[in-house]
Amino acid sequence: MVKDMAESLLARIQGPGDVKKLPHRDLKQLAAEIRDLIVSTVSTNGGHLASNLGVVELTIALHRVFNSPGDKIVWDVGHQCYTHKLLTGRYAAFSTLRRAGGIAGFPKQSESPHDVFDTGHASTSISAALGILTAERLQGGMNRVVAVIGDGALTGGLAYEALSHAGQLGLPLAVILNDNKMSIGPNAGGISQYLSRLSMKARYQNFRRKFDAMAKRLPYVGDMVYDAVVRMKRAVKAVFYTDNFFVDLGFEYVGPIEGHHIPQLEQVFTDVRKLERPVVIHVITRKGKGYGFAEDDPGSYHGVSSFSVSGGLPPGRAKGGGVFTDAFTAALLEAAEADTRVAAITAAMEKGTGLAPFKARFPKRFFDVGIAEGHAVTFAAGLASQGLRPVVAVYSTFIQRAVDQVIHDVGLQGLPVVFVLDRSGFVSDDGETHQGLFDIGLFRLVPGMSILAPASAGELKAMLRWGLAQAGPVMIRYPKGCCPPEAPAFSLPLEQGRGVCVRRAPPAGAARLCIAFTGGLYPQVQEAAELLEAQDLLADTYNFRFLKPVDEEYLVKLLGAYDLMVCVEEGVKNGGAGEYVAEFAGRRRCSCRVLVLGAQDAFPPQGKREALAGLNGLDGPGIAAAVLRALGKGSASGYAKPFAARPSPWIAAGP
Ligand SMILES: Cc1ncc(C[n+]2csc(CCOP(=O)(O)OP(=O)(O)O)c2C)c(N)n1
């Protein structure tokens, strides 16, 4: 249990210098205090729990040996940096973790000079650290650079490109491989198995060294035993002998080391700090260490919403609990039941993307490829080229990793891959790195790509069914949030390139204003229409359904019915669906004015989805205010809101 403030070691730590001053006998207490604080803070604010609990000792040892911020520590993904933050001057602000305006859940240079590289996406640490080290040496500096990468992040191809380059450069880069056998869930693929073999091999070699020394000391018996051991060794070697991949690339390899034993870690780091060659230090840690619930089920405690420290996580969402992810799961299961060609692919996000039930039901048609979005897409292209119907389920922010694969391997060949982009739009709590705001702009550019956005569970199901029946690529995007109740318009059949009018202000045909939206913003748009109606401004609302392709003759007719069309999307305005409509209206000389509302040309800060939408003028009052301004009835500057904000019931809480 945490000691009170007077006794607390952690409270007195202002920076790494204080960590270095602590005597060894205090380090256990320090680690315990850190764990208690991480558990209690994450239990209220949500966050990455199990990964952080696993690296407490590793981080303490790093800060006792290396001299941050002169020496630079680059965290891969960065989701495991809480101890680092606590030891580098952010103890007092730690209660604001992941809150708007608070401490970020990932490294952030704007927060501290100890955070040397902003991260959130996996597998970047070795590349970034190598660049930092190269710059350091070119500029005459002698500081050390350390990359800390998990075995999960090591499944990403970028890490290998960096390892290969680092071996070639030969600079003294220290790569700490934090091996807990877990990505979010159990780590997938051959790399994970290779690391296990490597650990066994290294353990065997340690054992062999000790045994050789001991056996040789015994007269006569020692010789007999020694001969037997030599024979055994040959047999065992045949099983365990593989070249060490890291050594072959030009690294020294040290390990595996027990990752919760601070003196041993310190000793190794001290030795390694003197090396003038690249080195991989293989450290074995336990994900969730020190908090029973997380140790027992590290996957569920990887990223969590608020929970009870004594009782653990609340029971899982009820089946069909009403979020888009659940609606996708149900729709996919139904589609796969009906068509044996349907396969599902995830890049290490089985649970988050809702594929766990698919894996259970159709294990042979389920593929977790590791944190390898680029490979996931090209693998899907291969499946599709042979007649299968692959569905790549991925978060919007992570498909950014595979833009070329979508263009070159899927788009160019017109292959029927269905991309399902969860967390499209503003993303709560995780900050800039996790926003799903770029997919519309990025993928509208791909010839032959269809892009759809459902407003409800019913629409999502219809879109998946439609997508699986197409001859070319299809992308379906939806936010992390609850599905609103079905409106009658949502059950109208899908017609390629056309949307549906969801709300018609009475009397029908009287409204000269239409608010057209991409699926996930339906509740906000309905609210805006109601707010405007209260000011005697009639607005119809229109659900685009298809962001691409667009039935242009249909759009001409639609635009012809209004004086003002407001296009609202939960994605960057630049290159988005609204800009297309505005360009189209100009090109076709439509008399209807088009106002485009979308995310601004800036990375949104950390906050809740609802608040971020509001900041960008995309909540109900913001949309209504923009309409008034366009009609010359409101304030011309900024997002002045003449309407009181009211909480939307459709936004799901938590990370
Ligand atoms: C490109 C990318 N894809 C997916 C994710 C989501 N993600 C965050 S952490 C994580 C697992 C990382 O595993 P590992 O590196 O072993 O770290 P651990 O949590 O086990 O400490 C994943 C898949 C991500 N951050 N970046």
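Just follow the structure's listing: the first ligand is 1, and inside any ligand the first atom is 1.
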Fill in: Under-4.0 Å salt bridge between Lys85 and Glu111
yes
Item to complete: May I ask you to say whether Glu295 pairs ionically with Lys287, meaning some side-chain N is under 4.0 Å from a carboxylate O?
Response: no
Response to the item:
Looking only at heavy atoms, the pair that brings Leu97 and Asn45 closest together is O-ND2, 2.8 Å
Fill in: Nearest-0.5 Å distance, OG1 of residue Thr346 to CZ of residue Phe358
12.0 Å
Does ligand 1 have a heavy atom under 4.0 Å from the side chain of [X], from its backbone, from both, or from neither?
| X | value |
| --- | --- |
| Asp151 | both |
| Glu373 | side chain |
| Ile184 | both |

Worksheet item: Evaluating non-hydrogen atoms only, which member of Gln80, His79, Glu350 is closest to atom 17 (O) of ligand 1?
Response: His79
Worksheet item: Of the choices Ala347, Gly152, Gly299, Ser192, which has the non-hydrogen atom that lies closest to atom 16 (O) of ligand 1?
Response: Gly152
Practice prompt. Assess Gly120 for proximity to ligand 1: is some non-hydrogen atom of it under 4.0 Å away?
Written response: yes
Worksheet item: Non-hydrogen atoms of Gly54 versus ligand 1: any pair closer than 4.0 Å?
Response: no
Item to complete: Establish, yes or no, whether a centroid distance under 6.0 Å links the rings of Tyr395 and His434.
Response: no
Discussion item. Return the closest protein heavy atom for atom 15 (O) of ligand 1 as residue, atom name and distance.
Written reply: Ala153 N, 2.9 Å
Practice prompt. Please write down residue, atom name and distance for the protein heavy atom closest to atom 26 (N) of ligand 1.
Written response: Ala122 N, 2.9 Å
Worksheet item: Has the side chain of Tyr82 got a donor or acceptor atom that lies under 3.5 Å from a matching backbone atom of His48?
Response: yes
